Structures are given as C-alpha cells and as structure tokens.
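Accompanying notes for the structure given below.
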Amino acid sequence: MNKVGLLTQILIAFVIAIFIGAIVGPSIEVVKPLGDLFLRLIKFVIVPLVLASLVVGVASTGDIKRIGRMGGVTFAYYLLTTAFAVIIGLILANIFKPGVGLNVTLSSDVAEPAEVPGVIDTLLNIIPTNPIASLVDANMLQIIFFALFLGIAIAMLGDKAKTVYNFFEGLAEIMYKITGIVMKVAPIGVFGLIAPIVGQYGISVLMPLIKLILVVYAGCILHAVLVYSFTVKTIANYSPLKFFKGILPASLVAFSTSSSSGTLPITIKNTEDNLGVSKKVSSFVLPLGATINMDGTALYQGVCVLFIAQFMGVDLSFTQQLIIVLIATLASIGTAGVPGAGLIMLTMVITAVGLPLEALALVAGVDRILDMIRTSVNVTGDASAAVVVQAIEDKRDGKIAT
Ligand code: ASP
C-alpha cells in the first residue's frame, strides 16, 4: 500500500480540524497543547538554522559582490510585490465596499498608535552590539547581519577558518534534519492549531464582518495567483502549479500558526526540497523575507483602512489612497512575523490618513481569522522570491560559464 504523503496528511488534518472544531465548539480548546507543542518544536530550530545555513551559504559563495547583487534583487522584488498587494487590496475594497452599511457599535477603547522608529535608528539597529544577545533575542535582522559577516570573513580566511566552516556546515545539516523530523508531526500540530480557532469563532462572531473577511481572503488569493504565478513563470520559467504545490505545506502551517517567523524552517525545507532552490539562495532570501516581506499583511492593511473609512463615512481621495500604498508597504516591512503584529502596525496606517484609532476595535475581533490568510500569503511570497532569485543567479552563472 502506498504511504500517504505528508502534504495529504496535513490536508486531511486540516479538514478534520474544521469539522471537529465546528461540531465540538469552544471546548475543543483541550487540543490546543498539540498545536503549541508543534509550534515550540519548529520555533526552537529557527535561530541555529538561520545562523548556520546563512554562514555556510555566504562562506561557500565567498563573493561579496554577488551577495550584494542578490540582496538588491531580493529587496526590489519584495518592495514591488508588496506595493502590488496593497493596490490589489485597495481595488477590491473600492469595488466591494466592505465597510458600507455595517451595523455594529464601536466600543470606546482607544488603541495606542504604534511607535514609528526613525529610519536611521532602524538601520543602525541592524548592526548588533552583541551578537550573542541577538541570538538570544532571536533578532532576525541582526542575526542575518552577523551571519553575513561571519560568512564573508570565513571565505576570506580560507583554510585558516576551515574548522569553523565545517562546524557551521555540520550544524546546518543537523538543523535541517531536525526540521524534517519535526515536520512529521505537522498534521497533528495543524489539527491542534486549527480546531480551537474554528471552535472559538462561531458564525455569529464572523457574520457581521463577513464582507471584510471575504474581501481580505479574495484579495490574498488573487494576489498569490496573479502575482506569484506571473513572476515564477516569466522570470524563473517555473510552473506556477508546481510552485504552489511545492510550497503548500509551508503555506498551510503558516495559515495554522499565523507566524511567518515560526514557519521559517518549513519554508526553507519546502523551497529547497520541493522547489529546487539552493541553500545559498534560500538561507539568505527566506529569513530576510520572514522578517520584512509581508504581502498579505500589506494587502490586509490597505483593505482595513478603506473598510474603516467607509464605516466612518469618510471619503479617501485618490492621493490619500496612494499614500496608503506607500505607508502600508512600509508598515508591513516593519511588521514582525508573529501573530497579530499586522494589527498593531495598522495603527500607523490609520493615523497616517487621519482616521480615529477607536475604529481598530472593529477589525480586532476577527483579526486572527484575517491573520491566517495574510501569513500564508506572506510565506508564499517569500518562497516566490527564492525561486525568482535562484533563476536570476542561475542565468548569471550560465553567462559566466559560456
Ligand atoms: N502574522 C503575520 C506573519 O507572521 C504578521 C501579521 O500579523 O500580519 O507574517
């Protein structure tokens, strides 16, 4: 008899979780520890995995120019696709007007606007003053910086640093192995994460905001299907169907955990094993993406601002909507890859267009449901960048070889 593949097992767990969650209701909460167990298991891999694999990736490339070029391409791809996501969100929100005719009352709880750190401070903060503290705090950008430097210095030192290189190479292999082992319990984890959410959110909670939920879901799916199919097909000549199938396990885990940082080990594993991306590319593009590339979040922020404006009866001009594209793109870069972070950064976008922060309470009630789809798209977007950057690197190598 054929063994059932992991993807099928995850899908089955997903469907069972929805049914059981809906039937049992809030008391299905008892299975939540299964989800937490899985989440903790993937989270403990992240820091050593990113550090070791990026050091090895950079040290084996040994070419600072190439790394700089890869960084430039990755960053440009991330920015462009994110801006596109906001535009798709705004178009749908303008067409379907999810905030018009809404019959809910606002509570007077006023949220605090997110602090906007200065650009210079943000950039300076990428450089760790104590790399060990960065590892302890899991500060991803600082870890990336540290790993880049370690890798470059190891490459420059050659034989003298061979032992350290071998150490990181071994550590990276070990972390990949652990990720593979942890993936085996993904179906149980997905069940433990999804069932309590379905049990907790009855239809009565979702119904008043169903239009908003549908617009965010439709926008996210449309963005993934249109934009990623287009980029992987035209730039990487990669079949979109193969792409979506290959990244589906990570997308489903992202959907269940609402954390792109938490999903990172699985995203890395899927892009390497299923999409044929090299360790060199994935170890650089994906940790960066899990930290700064949030297409789903940006789209959601665009839709929510319009939703709130419509609810308050405020008309946002074309110029104001252009400002939303800019601010939501920046806000999504600043959003951490953890559950609920997008809602906090939404305060920044709301304030930028002069809407009252109380309106945030409207979205907060269903935010977890919106977080699931946006995180899924965030992770899929990172993987699409890995495929695209890999193709560009391959083309350059081909050119050098001829
Ligand atoms: N949960 C999202 C993520 O991890 C961030 C957000 O809240 O939008 O990608």
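Any value given below was found using the heavy atoms of this structure, including those in side chains, with hydrogens, waters and symmetry copies removed. On a predicted model such as this, the values are computed, not experimentally measured, just so you know. In listed order, ligands and their atoms are each counted from 1.
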Under a 4.0 Å threshold between the charged nitrogen and the carboxylate oxygen, would Arg40 count as salt-bridged to Asp36?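 Looking at Arg40 together with Asp36, the answer is no, because their closest N to O distance does not fall below 4.0 Å.
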Under 3.5 Å: N or O atoms of ligand 1 paired with protein N or O:
| from | atom 1 | to | atom 2 | distance (Å) |
| --- | --- | --- | --- | --- |
| ligand 1 | 1 (N) | Ser258 | O | 2.9 |
| ligand 1 | 1 (N) | Val338 | O | 3.1 |
| ligand 1 | 1 (N) | Asp371 | OD1 | 2.7 |
| ligand 1 | 1 (N) | Thr375 | OG1 | 3.1 |
| ligand 1 | 4 (O) | Ser260 | N | 2.8 |
| ligand 1 | 4 (O) | Ser260 | OG | 3.1 |
| ligand 1 | 4 (O) | Gly337 | O | 3.2 |
| ligand 1 | 4 (O) | Val338 | N | 3.3 |
| ligand 1 | 7 (O) | Ala341 | N | 3.1 |
| ligand 1 | 7 (O) | Gly342 | N | 2.7 |
| ligand 1 | 7 (O) | Asp371 | OD1 | 3.3 |
| ligand 1 | 7 (O) | Arg374 | NE | 3.4 |
| ligand 1 | 7 (O) | Arg374 | NH2 | 2.9 |
| ligand 1 | 8 (O) | Thr297 | OG1 | 2.6 |
| ligand 1 | 8 (O) | Arg374 | NE | 2.6 |
| ligand 1 | 9 (O) | Ser260 | OG | 2.5 |
| ligand 1 | 9 (O) | Asn378 | ND2 | 2.8 |

Spell out, as yes or no, whether a donor-acceptor pair under 3.5 Å connects the side chain of [X] to the backbone of [Y].
{"X": "Gln301", "Y": "Gly342", "value": "yes"}
{"X": "Asn378", "Y": "Asp295", "value": "yes"}
{"X": "Asn270", "Y": "Leu248", "value": "no"}

Going by atom types only, do Gln390 and Ser278 share a side-chain donor-acceptor pair under 3.5 Å?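 Distance-only check passes for Gln390 and Ser278.
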If you look only at pairs with a residue in residues 374-387, which of them pass as a salt bridge (Lys or Arg N to Asp or Glu O under 4.0 Å), with sequence neighbours excluded?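 Sorted pair list: Asp367-Arg374, Asp371-Arg374.
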